[in-house]
Amino acid sequence: MLRIAVPNKGSLSGPASAMLHEAGYKQRKESKELVLVDPDNEVEFFYLRPRDIAIYVSSGKLDIGITGRDLLLDSGANAEEILELGFARSTFRYATRPGTAEGPADFHGMTIATSYEGIVAKHLADQGIDASVVHLDGAVETAVQLGVAQVIADVVETGTSLRNAGLEVIGEPILTSEAVVVRRTGASADDPEVQRFLRRLQGVLVARSYVMMDYDCRAEHLEQAVALTPGLESPTVSPLHNEGWVAVRAMVPAKDAQRIMDDLYALGARAILTTEIHACRL
């Protein structure tokens with residue numbers, strides 16, 4: 001069986017399980033379940049701390065896992081990402097009190113507090129900056145107020161908690177992160193079980209990004225309509241009973257669907273419908 005690590009809690013857990021469910025895999029019903037076997041799909045899921053997943057995968061005990069890019073890089077584990085999953089996106093940045101520093105070039109001799117010591121230490125070393133890094137687990141915003149550090153490095157979403165602590169974001173982002181599938185570095189890229197798993201997740205990603213659009217239009221306007229809805233290879237076009245009319249079906253990006261419907265209507269298309277796609281293979 002394919003052995004897969006899944007986040008057991010935090011912002012990664014719910015979306016990861018939802019995606020696996022959409023991909024046709026059985027998922028746990030109780031948060032206390034640590035191992036779940038899906039015999040129909042020949043997969044065994046292990047629910048682990050997100051921060052530990054890359055380490056388990058790098059050991060070879062588990063085949064692949066779902067974790068955050070930030071956690072993968074911070075772990076220093078011998079593992080690599082093989083698929084972006086599009087959720088749990090975040091930006092990792094430095095912050096400090098106004099007037100303390102404008103960017104990493106000003107950090108020489110300072111102390112930086114973070115929960116991601118590995119990422120920060122490497123970022124500073126790559127830029128030749130001589131600064132100390134102190135590891136804290138959570139709530140690093142208070143480190144400056146309590147005098148533990150002059151600068152913090154943390155995940156930034158809206159920046160509200162930083163402003164409430166009297167801090168401001170400085171410099172360029174250290175990295176952008178999201179949920180990713182990881183495997184041990186050097187593991188075979190052609191493993192058929194892994195490839196099947198990845199195809200299923202890719203199918204979910206596409207299904208979430210596209211809708212199926214159907215509409216009727218006059219034959220003389222078909223080329224203009226098809227230019228708006230080219231589909232993947234090309235749209236399906238069928239003649240209607242009424243002469244001079246055709247029915248068109250094509251996949252279109254979900255984010256553009258309303259605009260495309262407006263443009264088609266203006267072109268004279270009618271009976272314009274969109275339906276969700278629940279699964280696909282490209």
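Numbers here are sequence positions counted from 1.
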**Item:** Closest heavy-atom pair and its distance - Val57, Arg184
**Value:** CG1-N, 3.4 Å
**Asked** Do Leu85 and Leu71 belong to the same hydrophobic cluster, where Ile, Leu, Val, Met, Phe, Trp and Tyr are linked whenever their side-chain heavy atoms lie under 4.5 Å apart, directly or via other members?
**Response** yes
**Asked** Transitively linked via ILVMFWY side-chain contacts under 4.5 Å: Val144 with Leu124?
**Response** no
**Close side-chain approach of Leu162 to Ile152, heavy-atom, < 4.5 Å** = yes
**Request:** Check whether any side-chain N or O of Thr229 sits under 3.5 Å from a backbone N or O of Gly231 as a donor-acceptor pair, and report yes or no.
**Result:** no
**Request:** Could you give me the CA-CA distance, side-chain angles and deciding distance for His135 and Val133, then say whether side-chain contact (heavy atoms from CB on, under 4.5 Å) is met?
**Result:** CA-CA 7 Å; His135 179 87; Val133 180; over 6 Å; no
**Prompt:** In Å, rounded to the nearest 0.5 Å, how long is the span from CG of Asp256 to CD1 of Ile260?
**Reply:** 5.0 Å
**Message:** Whether the side chain of Glu44 engages the backbone of Val37 through a donor-acceptor N/O pair (distance < 3.5 Å, no angle test) should be reported.
**Reply:** no
**Request:** Measure the OG-CZ distance between Ser11 and Phe87 for me, rounded to the nearest 0.5 Å.
**Result:** 8.5 Å
**Asked** Looking at Tyr215, is Arg270 sitting on its ring face, NZ or CZ under 6.0 Å from the six-membered ring centre and within 45 degrees of the normal?
**Response** no
**Asked** Do Ser58 and Thr185 have side chains that get closer than 4.5 Å, going by heavy atoms?
**Response** no
**Item:** Minimum heavy-atom distance Met1-Asp38, with the two atoms named
**Value:** CE-O, 4.4 Å
**Message:** Let me check something: do Ile112 and Phe92 share a hydrophobic cluster, defined by ILVMFWY side-chain heavy atoms less than 4.5 Å apart, either directly or through other members?
**Reply:** yes
**Asked** Which atom names give the shortest non-hydrogen contact between Gly268 and Trp245, and what distance separates them?
**Response** O-CH2, 4.1 Å
**Asked** With a cut-off of 6.0 Å (strictly less than), are more than 12 heavy atoms of other residues, nucleotides or ligands near NE2 of His108?
**Response** yes
**Item:** Smallest separation among heavy atoms of Pro7 and Ala16, with atom names
**Value:** CD-CB, 4.1 Å
**Prompt:** At what distance, to the nearest 0.5 angstrom, does CD1 of Ile4 lie from OH of Tyr47?
**Reply:** 9.5 Å
**Asked** Which atom pair, heavy atoms only, marks the closest approach of Ser177 to Asp70?
**Response** OG-N, 3.0 Å
**Message:** Do Ile82 and Val6 sit in one hydrophobic cluster, given that two such residues count as connected whenever their side-chain heavy atoms are within less than 4.5 Å of each other, even indirectly?
**Reply:** yes
**Flag side-chain contact, heavy atom, 4.5 Å: Pro98 against Leu167** = no
**Asked** For the atom pair CG (Asn41) and NZ (Lys26), what is the distance rounded to the nearest 0.5 Å?
**Response** 10.5 Å
**Request:** Might you confirm whether atom OH of Tyr56 has over 12 heavy atoms from other residues, nucleotides or ligands at distances under 6.0 Å?
**Result:** no
**Message:** Strictly below 4.0 Å, N to O, side chains only: are Arg163 and Glu168 in salt-bridge contact?
**Reply:** no
**Prompt:** If you measure from CG on Leu2 to CZ on Phe197, what distance do you get to the nearest 0.5 Å?
**Reply:** 7.0 Å
**Prompt:** Between the main-chain N or O of Ile174 and the side-chain N or O of His123, is there a donor-acceptor pair closer than 3.5 Å?
**Reply:** no
**Request:** Would you check if the side chain of Arg69 reaches a backbone N or O of Thr176 as a donor-acceptor pair within less than 3.5 Å?
**Result:** yes
**Request:** Would you please indicate yes or no on a ring centroid separation below 6.0 angstrom for Tyr94 and Phe107?
**Result:** yes
**Asked** Just by distance, do the side chain of Arg93 and the backbone of Gly171 share a donor-acceptor pair under 3.5 Å?
**Response** yes
**Item:** Under 3.5 Å: donor-acceptor pair, side chain of Thr111, backbone of Gln150
**Value:** no
**Prompt:** Between CE of Met213 and CE of Met261, what distance do you get to the nearest 0.5 Å?
**Reply:** 5.5 Å
**Message:** Name the residue from Gln27, Arg28, Glu22 that meets the side chain to side chain donor-acceptor pair (under 3.5 Å) definition with Ser17.
**Reply:** Gln27
**Asked** Below 4.5 Å, heavy atoms only, C-beta onward: do Leu62 and Leu48 meet side chain to side chain?
**Response** yes
**Request:** For the residue pair Phe45 and Tyr25, categorise the inter-ring angle as parallel (less than 30°), tilted (30 to 60°) or perpendicular (more than 60°).
**Result:** perpendicular
**Residue pair Arg281 / Arg200, side-chain heavy-atom distance below 4.5 Å** = yes
**Prompt:** Salt-bridged, Arg3 to Asp63, with N to O below 4.0 Å?
**Reply:** no
**Asn164 atom CG: more than 12 heavy-atom contacts under 6.0 Å** = yes
**Glu30/Lys32 salt bridge by N-O under 4.0 Å criterion** = no
**Item:** Heavy-atom pair with the smallest gap, counting every atom of Ser115 and Asp74
**Value:** O-OD2, 3.9 Å
**Message:** Check for me, please, whether Val194 and Ile66 land in the same ILVMFWY cluster - side-chain distances under 4.5 Å, paths through other members count.
**Reply:** yes
**Asked** Considering only heavy atoms from C-beta outward, does the side chain of Met110 approach that of Thr96 to under 4.5 Å?
**Response** no
**Prompt:** With side chains defined as the heavy atoms from C-beta onward, is the minimum distance between Tyr116 and Leu73 less than 4.5 Å?
**Reply:** no
**Message:** Within a 6.0 Å radius of atom CD on Glu220, are there more than 12 heavy atoms belonging to other residues, nucleotides or ligands?
**Reply:** yes
**Message:** Side chains of Ser161 and Glu141 only: does a donor on one sit below 3.5 Å from an acceptor on the other?
**Reply:** yes
**Item:** Side chain to side chain, Leu201 and Met19, heavy atoms closer than 4.5 Å
**Value:** yes
